[in-house]
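Working notes, beginning with the structure itself.
Treat the numbers as computed from the prediction; the structure is a model and nothing was measured. Computed over heavy atoms, backbone and side chain alike; hydrogens, waters and symmetry mates excluded.
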Amino acid sequence: MLITASEIADAVAQLRGVMRRTPLVASRVLSERADREVWVKCENLQRTGSFKPRGAYYRISRLSPAERERGVVAASAGNHAQGVAWSASRLGISSRVYMPVGAALPKIAATRAYGAEVEFVGTTIDESLVAAREFAERTQAVLIHPFDHRDIVIGQATVGVEICEQMPDVGTIVVPLGGGGLLAGIAAAVKTVRPDVRIIGVQAAAAAAWPQSLAAGSPTAAARMATMADGIAVALPGEVPFAHVTELVDDVVTVDEDALATALLLMLERAKILVEPAGAAGVAAVMEGVCGQLSGQVCVVASGGNIDPLVLSHVTTTGLSAAGRFLTVTATVPDRPGGLISLLEMLRDQGASVVDVVHSRVAEGLALGQVQVTVSAETRGPDHQATVREALAQAGFLR
């Protein structure tokens with residue numbers, strides 16, 4: 001049975017004064033891309049930096065005294081971990097979280113700071129979840145699933161309630177999609193009062209279990225998980241979210257890694273909104289025009305902003321490259337005085353700003369008297385990159 005309006009109203013009451021009512025921010029650049037008004041729902045500004053504590057707090061607050069005494073356990077790459085740890089500490093309950101090996105260090109540190117014990121198991125959320133379930137069975141701790149529980153979906157539904165209140169004329173809502181708890185909750189809340197609103201879920205193409213699951217009619221595990229968007233890298237959709245998504249969601253689309261990186265960079269530069277790759281999925285979908293027919297005003301949910309500064313640096317570089325603003329070329333220059341200078345002068349004359357130079361005399365395929373030089377430079381876009389490449393090729397620098 002789908003969650004009901006009365007259950008959602010109870011969550012709204014329970015979370016009032018506990019969760020932040022996150023702002024809606026108008027985005028001129030997205031509005032121009034979509035040819036309609038686009039607003040961003042900033043769940044990256046929620047407590048712990050993502051929407052996750054809405055569901056975690058509501059779930060934990062409903063535990064019986066006996067269940068609270070046994071503590072809670074969870075599995076997460078970071079955002080759910082922080083949501084559970086923060087919620088449990090606020091409610092005076094002990095918590096333990098299993099995280100994948102390689103989880104972002106800031107998310108690990110934050111989870112511990114919120115009061116949870118942290119253990120590392122596996123390389124994916126799904127592997128960590130196996131360990132969390134085993135711990136729950138062994139100790140009788142209560143498993144707080146990241147998405148596959150009715151109370152979790154009800155808690156996340158409060159995002160949809162806020163959107164409808166803040167944006168009464170919303171026509172389309174675009175939501176990042178991993179296990180499905182956020183999308184299911186928003187769809188349930190919105191469709192209850194506005195069945196005409198179009199709801200779209202967005203997955204990373206390199207970790208997309210939902211398209212094949214929807215086609216099969218049941219949750220089906222994805223064959224690969226290879227995305228920078230760790231927050232939505234879930235191999236198997238949840239049963240509870242699946243029932244809601246199949247009934248209430250209008251479409252599920254995917255975006256590639258370059259689109260995610262470009263979207264993150266766009267939000268940072270143009271909107272001054274810091275999101276993690278998973279939180280940028282909806283923005284990427286609007287930018288890429290993969291949402292099909294958009295209806296009315298559009299709300300894009302920025303689901304989280306917890307990103308490792310090192311990952312941010314890498315993703316920013318990827319985004320610059322995808323946007324045609326960062327060019328890397330490998331050129332061959334004569335191994336004599338002035339050989340490298342002639343290459344750099346040509347880049348200067350073409351208006352490319354050199355960032356980095358790597359010089360090698362032992363690269364494969366080099367003739368005697370040649371040197372291979374790999375140059376990274378800032379450019380002004382795809383057209384400028386093409387002009388620079390053509391100039392270098394005509395001068396004989398590119399093999």
Side-chain angles (χ1 to χ4, degrees), residues 2-3 27 30-31 33-41 43 51 147 153 156-157 159-160 163-164 167 169-222 227 229 231-260 262-263 277-303:
L2 302 186
I3 64 175
S27 173
L30 289 179
S31 297
R33 296 286 182 94
D35 194 27
R36 64 188 60 246
E37 199 170 315
V38 179
W39 294 69
V40 179
K41 175 65 169 170
E43 282 297 289
F51 71 96
F147 50 83
V153 174
Q156 317 305 21
V159 178
I163 292 172
C164 288
M167 197 174 175
D169 295 328
V170 66
T172 304
I173 302 176
V174 186
V175 187
L177 174 58
L182 178 63
L183 179 63
I186 289 175
V190 174
K191 293 288 189 177
T192 298
V193 295
R194 290 283 310 281
D196 59 306
V197 173
R198 182 170 166 78
I199 310 288
I200 301 169
V202 185
Q203 283 216 285
W210 278 92
Q212 65 192 45
S213 296
L214 293 170
S218 62
T220 304
T227 178
I232 54 174
V234 178
L236 185 66
E239 294 282 356
V240 174
F242 189 83
H244 291 75
V245 171
T246 53
E247 182 73 21
L248 302 172
V249 172
D250 296 283
D251 200 4
V252 169
V253 300
T254 63
V255 290
D256 64 23
E257 298 298 286
D258 281 351
L260 288 168
T262 302
V283 174
V286 173
M287 287 177 56
E288 294 293 300
V290 299
C291 293
Q293 184 61 44
L294 296 172
S295 175
Q297 296 180 355
V298 178
C299 177
V300 180
V301 179
S303 56

Handout entry: Stepwise side-chain contact (heavy atoms from CB on, under 4.5 Å) check, Gln156 with Ile186
Key = CA-CA 7 Å; Gln156 317 305 21; Ile186 289 175; over 6 Å; no
Exercise for the section: Decide yes or no on side-chain contact (heavy atoms from CB on, under 4.5 Å) for Val290 and Thr254, but give the supporting numbers first. Expected result: CA-CA 8 Å; Val290 299; Thr254 63; over 6 Å; no
Exercise for the section: For Val298 and Val174, run side-chain contact (heavy atoms from CB on, under 4.5 Å): C-alpha distance rounded to whole Å, both residues' side-chain angles, the deciding distance at 0.1 Å, then the answer. Expected result: CA-CA 8 Å; Val298 178; Val174 186; 4.1 Å; yes
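Of all non-hydrogen atoms in Pro176 and Val301, the two that sit nearest each other are CD-O, 3.2 Å. Here the shortest heavy-atom pairing between Cys291 and Ile200 reads O-CD1, 3.4 Å. Closest heavy-atom contact between Ala157 and Ala189: O-CB, 3.3 Å. The heavy-atom pair separating Val40 from Ala302 by the smallest distance is CG1-CB, 3.8 Å. The two residues Ile232 and Gln203 come nearest to each other via the heavy atoms O-NE2, 4.3 Å. In this structure, Pro237 and Ala209 approach most closely via the heavy-atom pair CD-CB, 3.8 Å.
With sequence neighbours excluded, the residues forming a side chain to side chain donor-acceptor pair (under 3.5 Å) with Glu37 are Trp39, listed by chain and number. Taking Glu257 as the reference, Ala204, Ala206, Thr227, Met228, Leu260 meet the side-chain contact (heavy atoms from CB on, under 4.5 Å) condition, with sequence neighbours excluded. Residues forming a side chain to side chain donor-acceptor pair (under 3.5 Å) with Arg198 (at least two apart in sequence, or on another chain): none. For Asp35, there are no side chain to side chain donor-acceptor pair (under 3.5 Å) partners two or more places apart in sequence or in a different chain. In this structure Val240 satisfies the side-chain contact (heavy atoms from CB on, under 4.5 Å) test together with Asp148, Val153, His244, sequence neighbours excluded. With sequence neighbours excluded, the residues forming a side-chain contact (heavy atoms from CB on, under 4.5 Å) with Leu236 are Asp126, Pro219, Ala221, listed by chain and number.
The line from CZ of Phe147 to CD of Glu239 is 10.5 Å long, rounded to the nearest 0.5 Å. Distance CG/Leu183 to CG/Leu248: 9.0 Å, rounded to 0.5 Å. Between atom SG of residue Cys299 and atom CG of residue Asp169 there is a gap of 12.5 Å, rounded to the nearest 0.5 Å. Taking OG1 from Thr172 and CZ from Arg36, the interatomic distance works out to 6.5 Å, rounded to the nearest 0.5 Å.
The closest donor-acceptor contact from the side chain of Glu288 to the backbone of Val255 lies at 3.5 Å or more, if one exists at all. Counting only distance, with no hydrogens or angles, the side chain of Trp210 and the backbone of Gly178 share a donor-acceptor pair below 3.5 Å.
With a 4.5 Å cut-off on side-chain heavy atoms, Asp250 and Lys191 count as touching.
Of the candidates Thr246, Thr220, Val249, Leu214 forms a side chain to side chain contact (heavy atoms under 4.5 Å, CB included) with just one, namely Thr246.
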